[in-house]
Structure formats: C-alpha cells, structure tokens
Amino acid sequence: MTPLGYRRLILTRHAKSAWDDPTLEDHDRPLNARGRRSARALGDWLASRGYEPEEVLCSTAARTRETWEGVVRTALGTRPILRLEPALYHANAERMMTVLRSATHQTVMMLGHNPGISELAAMLPSRPPLDPDFRRYPTAATLVLDFQIEDWSQIRPGEGSVLDFVRFDGRN
C-alpha cells in the first residue's frame, strides 16, 4: 500500500522477445520462452512485496502486452486498469514522462522499451540503485520508486526514492 501523499511507480522494461521470425514487424514480436518465465517471475516478485499497481500504462507492442499478461497471471490480488498507450512504443524519456503525468491512480506500472525506459529510470531517482545492471536496464528489469506528490502531473526528475530494483533473466 502506498502512503497518502505519495505516488508509486513500477517502471518495467518488457521481458525477452523472440527474434526467430524475420517476417514479423518489430511491433508484433512476442516473448520467447525465457521472456515468458521472466514475466511470471516478475509477477510473483511484485506480489510478494505488495507492489500491486492500480493502473498500468503499457506500450501497444506485443512483447509489452505479453509481459503484462505474464505478470497478471501470477499472484497479483488486484486487476488494475490497463491503458494501452501507442505513445509508449519506442518512446524517449520525455514522451514517457508526458504519458506518466496523465496517470490517475496512486500506484502505476509503466511497461516500455529501451532506450527510453533506461533514460527515464536514470532521470527519476534522487539516488540511483548501485546495481551494475541499472544503467543498462536489461529485459524484465523493474525499478520501484516513491514520489512525495499528490498528483502525477507534479512528477519531476531527481525526486524519486528508490524502493527496489530487480531484473529477471528467465532462469530465476
């Protein structure tokens, strides 16, 4: 549960996608087996820590939607509002911030792509995690941040407090 006067962001890069069908457009690439395992493991991890989003802002790409489906299939006790956002497909950090500022719930999960998601993750915390993989933000990496704001329109770079950073490689 997020304290009153706070907003919580769960910032997730999609899990590992498949590259075995060269005829697919990038937008349509699904997860591979490792990615599906990572998505389920991420869902278990979020539930075990009580990081349950009320609203999900998700790129329309197949791999981000499938990542979300893997997360929600697990032990999450809530069914958040899912907003498929075309603007998040390969968005830069500024575009992602614009979408985030339109969020309406206290705990929000955003699912997107690199390099924009790693740029956003780097600019939001007051102190970044010490994890050596943080700057790279590999597939299925997830950063959880709290902000002392009343509304998402007030979010500013450098003001997030890091609660957790985790990554899943499908072998977890």
Does the side chain of W45 reach to within under 4.5 Å of the side chain of D164, using non-hydrogen atoms?
-> yes
Check step by step if side chain to side chain contact (heavy atoms under 4.5 Å, CB included) holds for W68 and L82.
-> CA-CA 9 Å; W68 171 244; L82 175 62; 4.0 Å; yes
Mind checking whether P80 and H105 have side chains closer than 4.5 Å, heavy atoms only?
-> no
Can you tell if the side chain of F134 reaches within under 4.5 Å of the side chain of L143, non-hydrogen atoms only?
-> yes
Donor-acceptor contact present, side-chain N32 to main-chain G35, <3.5 Å | yes
Count the heavy atoms of every other residue, nucleotide or ligand shown that sit under 6.0 Å from CZ of R101, and state whether that count exceeds 12.
-> yes
Linked, directly or transitively: L145 and I117 (ILVMFWY side chains, under 4.5 Å) | yes
Under 3.5 Å, is there a donor-acceptor pair between the side chain of R36 and the main chain of L31?
-> yes
Residue pairs fulfilling side chain to side chain donor-acceptor pair (under 3.5 Å) with at least one residue in residues 115-131, sequence neighbours excluded | N114-S118, D131-R167
Report the distance from atom CH2 of W152 to atom CD of E55, rounding to the nearest 0.5 Å.
-> 9.0 Å
Side-chain contact test, heavy atoms from C-beta onward, threshold under 4.5 Å: evaluate it for L46 versus I10 and give yes or no.
-> yes
Does any N or O in the side chain of T107 come within less than 3.5 Å of the main-chain N or O of E52, such that one atom is a donor and the other an acceptor?
-> no
With the side chain counted from C-beta on, respond yes when V108 and R8 share a heavy-atom pair under 4.5 Å apart, and no when they do not.
-> no
Enter the distance from H14:NE2 to S38:OG here, rounded to the nearest 0.5 Å.
-> 11.5 Å
Would you name the heavy atoms of F147 and I155 that are closest together and state the gap between them?
-> CZ-CD1, 3.7 Å
Out of curiosity, does M97 fall in the hydrophobic cluster containing Y137 (side-chain heavy atoms, cut-off under 4.5 Å, transitive links)?
-> yes
For the pair D26 and R63, evaluate salt bridge (charged side-chain N to carboxylate O under 4.0 Å, His left out) and give the outcome as yes or no after the intermediate values.
-> CA-CA 9 Å; D26 179 72; R63 58 193 178 273; 3.0 Å; yes
Give the cluster check for L57 versus L124: same hydrophobic cluster or not, with ILVMFWY residues linked at side-chain heavy-atom distances below 4.5 Å.
-> yes
Give the cluster check for L88 versus L100: same hydrophobic cluster or not, with ILVMFWY residues linked at side-chain heavy-atom distances below 4.5 Å.
-> yes
Verify the distance criterion only: is there a donor paired with an acceptor across the side chains of R29 and S17 at less than 3.5 Å?
-> yes
Is the backbone N or O of Y6 less than 3.5 Å from a side-chain atom of Q148, with the two atoms forming a donor-acceptor pair by type?
-> no
At their closest point, which heavy atom of R135 faces which heavy atom of A122, and how far apart are they?
-> NH1-CB, 3.0 Å
Going through the distances and angles, do T12 and M109 end up as a side chain to side chain contact (heavy atoms under 4.5 Å, CB included)?
-> CA-CA 7 Å; T12 301; M109 181 178 202; 3.3 Å; yes
What's the verdict on side-chain hydrogen bond (donor to acceptor under 3.5 Å, both in side chains) for R83 and S102, showing C-alpha distance, side-chain angles and the deciding distance?
-> CA-CA 11 Å; R83 284 180 40 198; S102 73; 2.8 Å; yes
For the atom pair CG (L120) and CD (E94), what is the distance rounded to the nearest 0.5 Å?
-> 9.0 Å
Which heavy-atom pair separates L24 from D28 by the least distance, and what is that distance?
-> CD1-O, 3.9 Å
Please assess I81 against V56 for the test side chain to side chain contact (heavy atoms under 4.5 Å, CB included), listing each intermediate value before the final yes or no.
-> CA-CA 6 Å; I81 294 167; V56 177; over 6 Å; no
Student check: side-chain heavy atoms of Q106 and E54 closer than 4.5 Å = yes
Would you say Q154's side chain and E150's backbone share a donor-acceptor pair under 3.5 angstrom?
-> yes
H90 and S59, any side-chain heavy atoms less than 4.5 Å apart = no
With the 4.5 Å side-chain cut-off for hydrophobic clustering, are M96 and V162 part of the same group?
-> yes
Check whether any side-chain N or O of R95 sits under 3.5 Å from a backbone N or O of A87 as a donor-acceptor pair, and report yes or no.
-> no
Does any non-hydrogen side-chain atom of L9 lie less than 4.5 Å from one of M110?
-> yes
Any donor-acceptor pair under 3.5 Å from Y89 side chain to H27 backbone = yes
